[in-house]
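Just so you know, ligand 1 is whichever comes first in the structure, and atom 1 is the first atom listed for that ligand. FYI, the numbering just counts along the sequence from 1.
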Amino acid sequence: MILVFGKTGQVGRELSKLAGVVCLGRDEADLSDPEGCARIIRDRAPLGVINAAAYTNVDKAEDEREIAQAINGTAAGAMAVACRDLNIPFVQISTDYIFDGAGDSPRSPEETTGPLNIYGVTKLAGEEAVRAANPIHAILRTSWVFSEHGSNFVKSMLRLGRERDSLNIVADQVGGPTAAQDIAAACFDIVQQLAQDPSKSGTYHFAGAPDVSWADFAREIFHQTGITCVVQDIPSTAYPTPAKRPKNSRMNCYDLSAFSLERPDWRASLTKTLNKLDQ
Ligand SMILES: NC(=O)C1=CN([C@@H]2O[C@H](COP(=O)(O)OP(=O)(O)OC[C@H]3O[C@@H](n4cnc5c(N)ncnc54)[C@H](OP(=O)(O)O)[C@@H]3O)[C@@H](O)[C@H]2O)C=CC1
Ligand SMILES: Cc1cn([C@H]2C[C@H](O)[C@@H](COP(=O)(O)OP(=O)(O)O[C@H]3O[C@@H](C)C(=O)[C@@H](O)[C@H]3O)O2)c(=O)[nH]c1=O
């Protein structure tokens, strides 16, 4: 059995559809109690653990550093320690927001980090805690997650695009939109491969292709749904938010070949997501 934390999240919901997976929600495992989560892992003794739970409200995290740190940093570390004690793999999902977004070339996993916001700081703390705690781990950095569930850019665009004739969307932040379903499948594959071959442990990038700006992502959402809303390109400076976002979120995903995985085409995954939203 593979144990998953974050049952109600975008990725957690997709993982819960897979055979051999047991997902826990906040009611059963609250990450603000890191030792409680570690105890659950020890009691259940799974074959591996995937942590899909996180504090993901990027702007709110600026005012809630402590709780974001407990969930994204301390809890991830405590869970990884429990996995080390059981000698099982731990998969931690991380984010492009651990980078500073400088330049325009895709970032490799080993490149220097430099988060611009508190969410990124706490996710980076989680990465470091996991690496220190359990040699059998994968830190899978992904970006711009969307699905038919929860709150995400695709659903925001569908709502706003139906209400307005035009929308101003940031065009100088570029990254890889990634479907929750594709991330879940990758995590499931990775945790099983790690159980077989712990030497594959390390930090990996998994983002949808091709890289695109938020504005062009919005255009594709409107194109695929026939929404006539016009997208106006704006710079980040014209869309002030409490948390600063990196401009360059491009990630080099070449290392995925270790698990025989490739970057998924987000446009095809978007079509599937939109079809599900239609039903
Ligand atoms: N969303 C994105 O664009 C991106 C996400 N990621 C990472 O991917 C992973 C999955 O993200 P995603 O599926 O979008 O997340 P969601 O925001 O959809 O869901 C977050 C999940 O974490 C759970 N959670 C939050 N706080 C606690 C807590 N104290 N105890 C237990 N559970 C808690 C939520 O439970 P509840 O429903 O009860 O609140 C929910 O199940 C995370 O690690 C995230 O950092 C990486 C890049 C981009
Ligand atoms: C709604 C809206 C957003 N935007 C911009 C703001 C921002 O730069 C960008 C995306 O905004 P959102 O708030 O949807 O996305 P955000 O919460 O920043 O998404 C991030 O979430 C965390 C969890 C991650 O780990 C990241 O990979 C990333 O997906 O779109 C506009 O320019 N115009 C708009 O009308």
Side-chain angles (χ1 to χ4, degrees), residues 4-16 23-34 36-37 40 50-61 64 67-68 70-72 74-76 91-99 101 115-117 119-120 122-124 126-127 139-147 149-157 159-161 163-164 166-181 183-184 187 205-208 213-215 217-218 229 231-247 249 251:
V4 169
F5 291 82
K7 186 183 185 174
T8 51
Q10 299 188 78
V11 177
R13 277 171 182 268
E14 296 300 331
L15 280 162
S16 68
C23 287
L24 302 179
R26 191 193 286 258
D27 49 339
E28 297 146 292
D30 191 331
L31 271 72
S32 59
D33 172 16
C37 294
I40 288 168
I50 301 170
N51 179 23
Y55 184 110
T56 55
N57 190 324
V58 177
D59 286 323
K60 215 169 150 197
E64 294 195 343
I67 183 70
I71 294 167
N72 293 344
T74 315
V91 175
Q92 166 73 1
I93 308 175
S94 194
T95 172
D96 54 311
Y97 281 18
I98 53 93
F99 287 119
L116 300 176
N117 55 51
Y119 165 73
T122 62
K123 290 296 289 182
L124 184 59
E127 291 191 4
I139 290 158
L140 192 71
R141 294 185 186 136
T142 187
S143 52
W144 300 20
V145 179
F146 64 90
S147 77
H149 301 292
S151 122
N152 60 64
F153 186 80
V154 172
K155 290 178 69 182
S156 301
M157 288 304 110
R159 181 171 41 82
L160 294 171
E163 286 168 12
R164 313 239 188 109
S166 81
L167 278 175
N168 294 336
I169 310 285
V170 165
D172 58 1
Q173 295 170 21
V174 175
T178 317
Q181 191 178 359
I183 300 166
C187 288
H205 287 175
F206 181 83
S213 68
W214 287 112
F217 187 21
C229 180
V231 175
Q232 312 276 4
D233 284 358
I234 54 164
S236 300
T237 47
Y239 196 88
T241 49
K244 200 172 173 195
R245 270 92 172 150
K247 286 192 175 163
S249 277
M251 292 199 288

Point to revise | Selected option - heavy-atom contact closest to atom 38 (O) of ligand 1, from R26, E14, R13 | key: R26
Point to revise | Residue-ligand contact S151/ligand 1, heavy atom below 4.0 Å | key: no
Practice item. Please determine if S156 has a nitrogen or oxygen closer than 3.5 Å to a nitrogen or oxygen of ligand 2. Key: no
Check your understanding: Minimum heavy-atom separation for A61 to A68, with atom names?
Key -> CB-CB, 4.4 Å
Check your understanding: Identify the closest protein heavy atom to atom 30 (N) of ligand 1: which residue and atom is it, and at what distance?
Key -> L31 N, 2.8 Å
**Study point:** Residue part near ligand 1, for A53, under 4.0 Å between non-hydrogen atoms
**Key:** both
**Study point:** pair L167-M157: side-chain heavy atoms closer than 4.5 Å
**Key:** yes
Check your understanding: For ligand 1, is any non-hydrogen atom under 4.0 Å from A180's backbone (N, CA, C, O), its side chain (CB onward), both, or neither?
Key -> neither
Review point. For ligand 2, which atoms sit closer than 4.0 Å to a heavy atom of I169?
Key: 31 (C), 32 (O), 33 (N), 34 (C), 35 (O)
Exercise for review: Please work out which of V4, I50, T56, T8 has its closest non-hydrogen atom nearest to atom 37 (O) of ligand 1.
Suggested key: T8
Practice item. Have a look at A54, G6, G25, A207 and point out the one with the heavy atom closest to atom 24 (N) of ligand 1. Key: A54
Check your understanding: Does any N/O atom on T142 come nearer than 3.5 Å to any N/O atom on ligand 2?
Key -> no
**Study point:** Flag, side chain of S166 to backbone of R164, donor-acceptor distance under 3.5 Å
**Key:** no
Practice item. Establish, from distance only, whether the side-chain atoms of D96 and S249 form a donor-acceptor pair under 3.5 Å. Key: yes
Revision key, fill the gap. F217 and P177 have their tightest heavy-atom pair at CZ-CB, 3.6 Å
Revision key, fill the gap. Atom 9 (C) of ligand 1 sits nearest the protein heavy atom I93 CG2, 3.7 Å
Revision key, fill the gap. Contact region, Y97 to ligand 1, non-hydrogen atoms below 4.0 Å, reads neither
Check your understanding: Judged by atom type as modelled, is there a donor-acceptor pair below 3.5 Å linking the side chain of N72 to the main-chain atoms of Y55?
Key -> yes
Exercise for review: Return yes or no for this condition: an N or O of T142 is under 3.5 Å from an N or O of ligand 1.
Suggested key: no
**Study point:** Proximal ligand 2 atoms for N168, defined as those under 4.0 Å from one of its heavy atoms
**Key:** 31 (C), 32 (O), 33 (N), 34 (C), 35 (O)
Point to revise | Identity and separation of the nearest protein heavy atom to atom 10 (C) of ligand 1 | key: A52 O, 3.5 Å
Practice item. Between Y55, F217, F146, W214, flag the one that comes closest to atom 10 (C) of ligand 2 by a heavy atom. Key: W214
Exercise for review: Could you say whether the N/O atoms of V58 and ligand 2 ever approach to under 3.5 Å?
Suggested key: no
Practice item. Indicate yes or no: does R245 engage D59 in a salt bridge with an N to O separation below 4.0 Å. Key: yes
Practice item. Please check if the side chain of S16 supplies one atom and the backbone of C23 the other of a donor-acceptor pair under 3.5 Å. Key: no
Exercise for review: Output the list of atoms in ligand 2 that are nearer than 4.0 Å to some heavy atom of S143, sorted by atom number.
Suggested key: 27 (O)
Practice item. Tell me, please: is Y119 in heavy-atom contact with ligand 1, that is, under 4.0 Å? Key: yes
Check your understanding: Parallel, tilted or perpendicular for W214 and W144, by the 30°/60° rule?
Key -> parallel
**Study point:** Minimum-distance protein heavy atom relative to atom 43 (O) of ligand 1
**Key:** K123 NZ, 2.7 Å
Point to revise | Side chain, backbone, both or neither: the part of A29 lying under 4.0 Å from ligand 1 by heavy atom | key: backbone
Check your understanding: Can you tell me the protein heavy atom closest to atom 46 (C) of ligand 1 and the distance?
Key -> S94 O, 3.2 Å
Exercise for review: State the atoms of ligand 2, each with its element, that fall below the 4.0 Å cut-off from a heavy-atom position in V170.
Suggested key: 31 (C), 32 (O)
Check your understanding: By number and element, which atoms of ligand 2 are closer than 4.0 Å to a non-hydrogen atom of W144?
Key -> 27 (O), 28 (C), 29 (O)
**Study point:** Protein heavy-atom partner closest to atom 29 (N) of ligand 1 - residue, atom, separation in Å
**Key:** D30 OD1, 2.9 Å
Review point. Is the closest N or O pair between N152 and ligand 2 shorter than 3.5 Å?
Key: no
Practice item. Measure across N51 and A53 and return the closest heavy-atom pair with its distance rounded to 0.1 Å. Key: OD1-N, 3.1 Å
Check your understanding: Nearest protein heavy-atom contact for atom 19 (O) of ligand 1: which residue, which atom, what distance?
Key -> G9 CA, 3.2 Å
**Study point:** Identity and separation of the nearest protein heavy atom to atom 48 (C) of ligand 1
**Key:** V145 CG2, 3.4 Å
Point to revise | Nearest-contact summary for atom 30 (O) of ligand 2 - protein heavy atom, Å | key: F153 CE1, 3.6 Å
Review point. Can you list the ligand 2 atoms lying under 4.0 Å from a non-hydrogen atom of D96?
Key: 26 (C), 27 (O)
Exercise for review: Give a yes/no on ligand 1: does A70 have at least one heavy atom closer than 4.0 angstrom to it?
Suggested key: no
Review point. Any sub-3.5 Å donor-acceptor pair from T142's side-chain atoms to F206's backbone N or O?
Key: yes
Study note, to complete from the structure: Per-atom filter on ligand 2: closer than 4.0 angstrom to a heavy atom of R245 are 13 (O), 16 (P), 17 (O), 18 (O)
Practice item. Could you check if a side-chain atom of L24 sits within less than 4.5 angstrom of a side-chain atom of I40, using non-hydrogen atoms only? Key: yes
Point to revise | For T56, the ligand 2 atoms whose distance to one of its heavy atoms is below 4.0 Å | key: 23 (C)
**Study point:** Region of H149 that comes within reach of ligand 1 [heavy atoms, distance under 4.0 Å]
**Key:** neither
Exercise for review: Say whether T241, considering both its backbone and side-chain N or O atoms, lies within less than 3.5 Å of an N or O atom on ligand 2.
Suggested key: no
Check your understanding: Is there a donor-acceptor contact under 3.5 Å from the side chain of Q181 to the main chain of E14?
Key -> no
Check your understanding: Would one find an N or O of Y97, backbone or side chain, under 3.5 Å from an N or O of ligand 2?
Key -> yes
Check your understanding: Are Q173 and S236 side-chain neighbours, meaning at least one heavy-atom pair lies under 4.5 Å?
Key -> yes
